[in-house]
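Notes follow the structure.
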Amino acid sequence: MPTTEVVNLYGAAWSVYVRIVRLALEEKKVKYGLVEVDVFAETGVPQEHLTRHPFGRIPAFEHGEFELYETGAIVRYIDDAFPGCKLQPTDPRARAKVNQIVGILDSYAYRTLVWDVYVERVVLAREGRLADERKIAAALPRAAVCLSELNRLSDDREFLIGGDVTFADLYAAPMFACFMQAPEAVSLMEQHEKFVSWWKRFAVRDSMSRTIP
Ligand SMILES: N[C@@H](CCC(=O)N[C@@H](CS)C(=O)NCC(=O)O)C(=O)O
């Protein structure tokens, strides 16, 4: 497979899922171009983007002629197709735990931490709009379960699972980069020492600095 073919990522720098893919590319040291797509444009999702991603989401990815969408498929392809560090452990139990954490982040944490807390509390305030306090209040107990499970499942080592960076870190970090800006995060996080230590280490990683929205 020609790894020298051009890699393009279609999306927006603010997007959590785009950042997950960018982190994978950065960690694997793959050169890529980020092509801005505004899926929230007043005129709707741009028509040419719907040919790449019929569901109108970001990111979409291409490597030469090869096209993909869905973050899980994209990061697995990047890990398999390019040389460099491996982003998935080979040990079956460690690999299963990475997949479990990714599943939790995808299915439960993203909507709760990013949309229901960060967007309501931080983004709307930035835009001078009022937060939906009921939505935030309803999200906090769900956020507490996410944090307690992520803390329980994570190892007390350099990364969430084991001594090497994995998809678990790459999925969690962009979500926590948002969530940690909400004042509510402070009290929720303080009970989860292992997870807080991980965040402090991972937040200052080079790949994180190079992908700041
Ligand atoms: N299942 C998709 C989810 C991607 C996703 O939800 N992306 C958000 C941005 S972070 C998006 O495109 N939102 C636009 C919308 O909801 O209309 C994936 O894994 O790639």
Side-chain angles (χ1 to χ4, degrees), residues 7-28 30 32-63 66-82 87-88 98-124 126-127 129 131-132 135 139 142-143 146 150 160 165-182 185 202-203 207-208 210-213:
V7 171
N8 276 320
L9 185 63
Y10 295 87
W14 56 259
S15 155
V16 161
Y17 280 92
V18 169
R19 196 172 187 192
I20 293 168
V21 175
R22 294 179 74 198
L23 287 174
L25 291 163
E26 294 285 349
E27 293 290 343
K28 300 282 285 196
V30 177
Y32 66 98
L34 177 63
V35 183
E36 282 285 328
V37 176
D38 184 3
V39 285
F40 293 124
E42 269 176 27
T43 46
V45 179
Q47 199 53 42
E48 80 272 8
H49 187 64
L50 289 171
T51 62
R52 289 180 213 114
H53 197 317
F55 299 96
R57 297 288 179 99
I58 48 175
F61 171 90
E62 71 190 13
H63 179 206
F66 182 67
E67 296 177 334
L68 265 183
Y69 63 84
E70 282 305 297
T71 301
I74 299 168
V75 293
R76 281 171 182 80
Y77 173 78
I78 292 167
D79 199 25
D80 293 339
F82 293 93
L87 300 172
Q88 301 166 86
V98 166
N99 290 332
Q100 184 180 22
I101 288 178
V102 167
I104 291 168
L105 292 162
D106 244 342
S107 305
Y108 314 118
Y110 174 62
R111 182 134 297 273
T112 301
L113 305 185
V114 177
W115 282 96
D116 297 349
V117 179
Y118 164 73
V119 171
E120 284 299 324
R121 177 64 75 226
V122 180
V123 178
L124 295 192
R126 220 181 265 155
E127 293 171 357
R129 291 158 62 198
D132 180 342
K135 192 188 269 186
R142 292 198 304 273
C146 291
L150 291 170
L160 280 182
V165 62
T166 71
F167 293 156
D169 306 288
L170 306 189
Y171 269 72
M175 297 188 195
F176 279 84
C178 296
F179 178 67
M180 294 302 282
Q181 295 177 52
F202 203 85
S207 59
M208 287 293 282
R210 285 198 297 268
T211 57
I212 288 173

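One-based numbering, in listed order, for ligands and for the atoms of each. When a residue number appears, it is its place in the shown sequence, counting from 1.
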*Could an N or O of ligand 1 be found under 3.5 Å from any N or O of I58, whether backbone or side chain?*
yes
*Those residues that, when tested against R52, pass side-chain hydrogen bond (donor to acceptor under 3.5 Å, both in side chains) (two or more places apart)*: H49
*Considering only protein heavy atoms, which is closest to atom 20 (O) of ligand 1, and at what distance to one decimal place?*
T71 OG1, 2.8 Å
*What distance separates L23 CG from Y171 OH, expressed to the nearest 0.5 Å?*
11.5 Å
_Which of the numbered atoms in ligand 1 are under 4.0 angstrom from any heavy atom belonging to V16?_
10 (S)
_For the aromatic rings, using the six-membered ring if either is Trp, is the centroid distance between F82 and H63 under 6.0 Å?_
yes
*Nearest non-hydrogen protein atom, atom 16 (O) of ligand 1*: R57 NE, 3.3 Å
*With a 4.0 Å cut-off on heavy atoms, does Y69 reach ligand 1?*
no
*Do the side-chain N and O atoms of T211 and R22 include a donor-acceptor pair separated by under 3.5 angstrom?*
no
*Tell me, which protein residue and heavy-atom name are nearest atom 17 (O) of ligand 1, and how many Å apart are they?*
F40 CE2, 3.7 Å
*At a 4.0 Å cut-off, with the gap strictly under it, does some heavy atom of Y110 reach an atom of ligand 1?*
yes
_Out of H49, H53, E70, who is nearest to atom 1 (N) of ligand 1 when you count heavy atoms only?_
E70
*Do the ring centers of Y69 and Y10 come within less than 6.0 Å of each other?*
no
*Nearest heavy-atom pair of R57 and V39: which atoms, and what distance?*
C-CG1, 4.4 Å
Using atom types as modelled, flag every donor-acceptor pair under 3.5 Å from a side chain in residues 102-109 to any protein atom, sequence neighbours excluded.
unit_1	atom_1	unit_2	atom_2	d
D106	OD1	Y17	OH	2.5
S107	OG	G103	O	3.0

*Among protein heavy atoms, which lies nearest atom 9 (C) of ligand 1, and at what distance?*
S15 OG, 3.5 Å
